[in-house]
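Have a look at the structure below, then the notes.
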Amino acid sequence: MIATPDRTPLPRTFFDRPVLEVAPDLLGRILVRATPDGPIAVRLTEVEAYDGGNDPGSHACRGRTPRNDVMFGPPGHVYVYFTYGMWHCMNLVCGPAGRASAVLLRAGEIVEGAEAARLRRLSARNDKELAKGPARLATALDVDRTLDGTDACASGETPLRILAGTPIASGQVRNGPRTGVSGAGGDGELHPWRYWIDGDPTVSPYRAHVPRRRRT
DNA sequence: CTAGTGATTCCCT
DNA sequence: GGGAATCACTAGC
């Protein structure tokens, strides 16, 4: 018998913990995006931890800037960045405030509002690909920089909120090197901080970071 | 399935 | 000015 997902919002205290504790605990949780077409909900299946200033792979490793400002703020808020000239990716900030740690949401299963998500993801060949990858997840949920700094733990009507869902037993959680991260050779050995649900079909393929030469 | 490459723009050095 | 926490597409196995 399959347990019904818990629709209770996650409290801010959930995020006010070390990022390596929060990241695997986010698997199986449900993020809800309110849109004019109705809610789109994603069950998280893959995440990556970024541990503030000590982490060479983190956007916060060179200090506070206008872009990463939200990472230095209170936990439970959403950090959205724009990358590769085209894409957005979203994170949830973890505690304590000022630590600048966050969890990148890398992939998930759309469990509500798939019709609305498909409108944003016309290249997806099937529903498993709707949110298979961090930029795909943000696109499917219509998330961009205008949502940077949104409080995912606020009560009342908010563009983004996160529900308890169904946590994943530790035996079903796998971890390994982060995907596509520059700034740390041998990153997999030192920072195996990508977590995913074992065998889940919506988990994105692993790709090592490859520095690209500028077109002449 | 894997591997290689162009797209496109913001941010920080 | 260089590079980026990526994706879509193609070729080949």
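None of the values given here were measured: they were computed from a predicted structure. The chains referred to below are lettered A, B, ... by the order of the sequence lines, with proteins before strands, and numbering in each begins at 1.
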With sequence neighbours excluded, tell me which residues meet side chain to side chain donor-acceptor pair (under 3.5 Å) with [X].
X        : result
A/Arg106 : A/Glu46, A/Ser204
A/Ser155 : none
A/Arg17  : A/Glu21, A/Asp25

- request: Measure from NZ or CZ of A/Arg178 to the centre of the six-membered ring of A/Tyr206, then state whether that distance is under 6.0 Å and the direction lies within 45° of the axis.
  value: no

Closest to side chain of A/Ala135, choosing from C/dA5, C/dT6, C/dA8: C/dT6

query: Any idea which of C/dA5, C/dC7, C/dA8 is nearest the A/Ser58 side chain?
result: C/dA5

At less than 4.0 Å, is any side-chain N or O atom of [X] found next to OP1 or OP2 of [N]? Yes or no.
X        : N     : answer
A/Thr179 : C/dA5 : no
A/Arg207 : B/dC1 : no
A/Ser123 : C/dC9 : no
A/His209 : C/dA5 : no

query: For the residue pair A/Ala152 and A/Val78, what are the closest heavy atoms and their distance?
result: CB-CG2, 4.2 Å

field: Non-hydrogen atoms of A/Leu26 and A/Phe14 that approach each other most closely
entry: CD2-CE2, 3.7 Å

- request: Name every residue in residues 77-91 of chain A that has at least one heavy atom under 4.0 Å from any atom of DNA chain B, in order of residue number, or write none if there are no such residues.
  value: A/Phe82, A/Tyr84, A/Gly85, A/Met86

What is the distance from [atom1] of [X] to [atom2] of [N], rounded to the nearest Å?
X        : N      : atom1 : atom2 : result
A/Lys128 : B/dC1  : NZ    : C1'   : 18 Å
A/Glu46  : C/dT6  : CD    : P     : 10 Å
A/Asp69  : B/dC11 : CG    : P     : 13 Å
A/Asn126 : C/dA8  : CG    : P     : 12 Å

query: Is there a donor-acceptor pair under 3.5 Å between the side chain of A/Glu48 and the backbone N or O of A/Thr179?
result: yes

query: Residues in side chain to side chain contact (heavy atoms under 4.5 Å, CB included) with A/Thr139, at least two apart?
result: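 A/Thr139: side chain to side chain contact (heavy atoms under 4.5 Å, CB included) contacts with A/Trp87, A/Arg120, A/Arg121.
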
message: How long is the straight-line distance from CZ of A/Arg29 back to CD1 of A/Ile162, given to the nearest 0.5 Å?
response: 8.0 Å

field: Stems formed with participation of DNA chain C [Watson-Crick or G-U wobble, under 3.5 Å, three or more pairs]
entry: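 Consecutive-pair runs (3 or more) involving DNA chain C: B:1-7 with C:6-12, B:9-12 with C:1-4.
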
message: Regarding A/Arg121, tell me which of base, sugar-phosphate or nothing describes its non-hydrogen contacts under 4.0 Å with the strands shown.
response: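 It contacts sugar-phosphate atoms only.
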
